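It should be emphasised that the depicted structure is a prediction, and the values quoted were computed from it without experimental measurement.
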Amino acid sequence: MTKKHTQVETFTHAYYQGLIVDIGNMRKLKTYVPAQDKNKMFLDKKLGEISTMTDIPEFTYPKITNRARTIYTIWFNEREMPSAFYEVEHSTNIINSLNKFFELQDFRARFCIVADKKRKNEFDDKISQSIYLPIKPLVDFIDYETLASQHSKMSELFNSPMVL
């Protein structure tokens, strides 16, 4: 197996999902991944082993909570209210994620599409459609490189000895 082939396998959807979970954990937030992703691997651990919640709290009406359960990663604050919703768009349609965010727009939370920077124009095109105008200011695009860089910097700080 070539080095390039190994790299492609390593940087999967679950890898980026794991980075988001790990950053949430470092920020002392409660982290959730849906049941269908719990056995996917992030480096040497399953996503279910690094996320801190096995299910999401009933923070709203059952219909909306059930919709939220399909989000790839959710951060919850100390009151068990959603703090941020993350959708990793490795190869799927961005519209599906925007539709989920539209349903959850009444919560004071951050909404992020995480994808390859090559998909930024596609994101800009979709979020500019008139149907998404109410959520356009609430949704951010984060490319994989920026996410990985933030994770590296936070890990370095988090794992450094504390200086008084």
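Heavy-atom contacts from other residues, nucleotides or ligands closer than 6.0 Å to NZ of K100 number more than 12. Counted within 6.0 Å of NZ on K117, heavy atoms from surrounding residues, nucleotides or ligands total 12 or fewer; the atom is thus considered open. Other residues, nucleotides and ligands contribute more than 12 heavy atoms inside 6.0 Å of the CD atom of Q36.
Side-chain atoms of T65 come within 3.5 Å of backbone atoms of Y61 as a donor-acceptor pair (strictly under, hydrogens ignored). Judged by distance alone, the side chain of E156 and the main-chain N or O of K153 form no donor-acceptor pair under 3.5 Å. Between the side chain of S128 and the backbone N or O of D124, at least one donor-acceptor pair lies under 3.5 Å. Side-chain N or O atoms of K38 include one that pairs as donor or acceptor with a backbone N or O of V33 at under 3.5 Å. Of the possible donor and acceptor atoms, one in the side chain of N77 sits under 3.5 Å from a partner among the backbone N and O of E80. Of the possible donor and acceptor atoms, none in the side chain of N39 sits under 3.5 Å from a partner among the backbone N and O of G48. Side chain of Q17 to main chain of Y72: a donor-acceptor pair is present (N/O by atom type, distance under 3.5 Å, no hydrogens or angles). Side-chain atoms of N66 come within 3.5 Å of backbone N or O of P62 as a donor-acceptor pair.
The aromatic rings of Y16 and Y144 lie parallel to each other, with less than 30° between the two planes, well short of the 60° mark. Under the 30°/60° scheme for interplanar angles, the aromatic rings of H90 and H13 are found to stand perpendicular. Using cut-offs of 30° and 60° for the angle between ring planes, the F76 and Y32 rings count as perpendicular.
Under the 4.5 Å side-chain heavy-atom criterion for ILVMFWY residues, no single connected hydrophobic cluster contains both I135 and V114. Clustering ILVMFWY residues whenever any of their side-chain heavy atoms sit less than 4.5 angstrom apart, transitively, puts F85 in the very cluster that holds M81. Cluster annotation: V88 and L98 are assigned to distinct hydrophobic clusters (Ile/Leu/Val/Met/Phe/Trp/Tyr, side-chain heavy-atom contacts under 4.5 Å, transitive). Cluster membership check: F111 does not share its hydrophobic cluster with L147, using side-chain heavy-atom separations under 4.5 Å among Ile, Leu, Val, Met, Phe, Trp and Tyr. Under the 4.5 Å side-chain heavy-atom criterion for Ile, Leu, Val, Met, Phe, Trp and Tyr, V139 and F102 are members of the same hydrophobic cluster.
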Determine whether E58 and R69 satisfy the following criterion, salt bridge (charged side-chain N to carboxylate O under 4.0 Å, His left out), listing intermediate values before the conclusion. CA-CA 10 Å; E58 298 293 328; R69 279 188 178 89; 2.9 Å; yes
Working note: D116 + R119, criterion salt bridge (charged side-chain N to carboxylate O under 4.0 Å, His left out); need CA distance, chi angles, decisive distance, verdict. CA-CA 6 Å; D116 189 292; R119 296 192 74 187; over 6 Å; no
Carefully, step by step, assess I142 and I113 under the rule side chain to side chain contact (heavy atoms under 4.5 Å, CB included). CA-CA 6 Å; I142 302 170; I113 300 286; over 6 Å; no
Applying salt bridge (charged side-chain N to carboxylate O under 4.0 Å, His left out) to D140 and R110, what does each step give before you reach the verdict? CA-CA 8 Å; D140 293 313; R110 183 174 187 201; 3.1 Å; yes
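Side-chain contact between C112 and E87 is absent, with no heavy-atom pair separated by less than 4.5 Å. For the pair T31 and I74, the minimum side-chain heavy-atom distance is 4.5 Å or more. Using a 4.5 Å heavy-atom threshold, the side chains of R27 and M154 count as touching.
Taking the six-membered ring for Trp and the full ring otherwise, the centers of H151 and Y15 sit at least 6.0 Å from each other. Residues F123 and F141 place their aromatic rings such that the two centres sit under 6.0 Å apart. Aromatic rings from W75 and Y86 are positioned such that their centres are separated by under 6.0 Å.
E89 pairs by the salt bridge (Lys or Arg N to Asp or Glu O under 4.0 Å) definition with nothing, not counting sequence neighbours.
Here the straight-line distance linking atom OG of S152 with atom CG of L157 works out to 11.0 Å at 0.5 Å rounding. Interatomic distance, L19 CG to S149 OG, rounded to the nearest 0.5 Å: 11.0 Å.
Side-chain contact, Y132 with N99: a donor N or O sits under 3.5 Å from an acceptor N or O.
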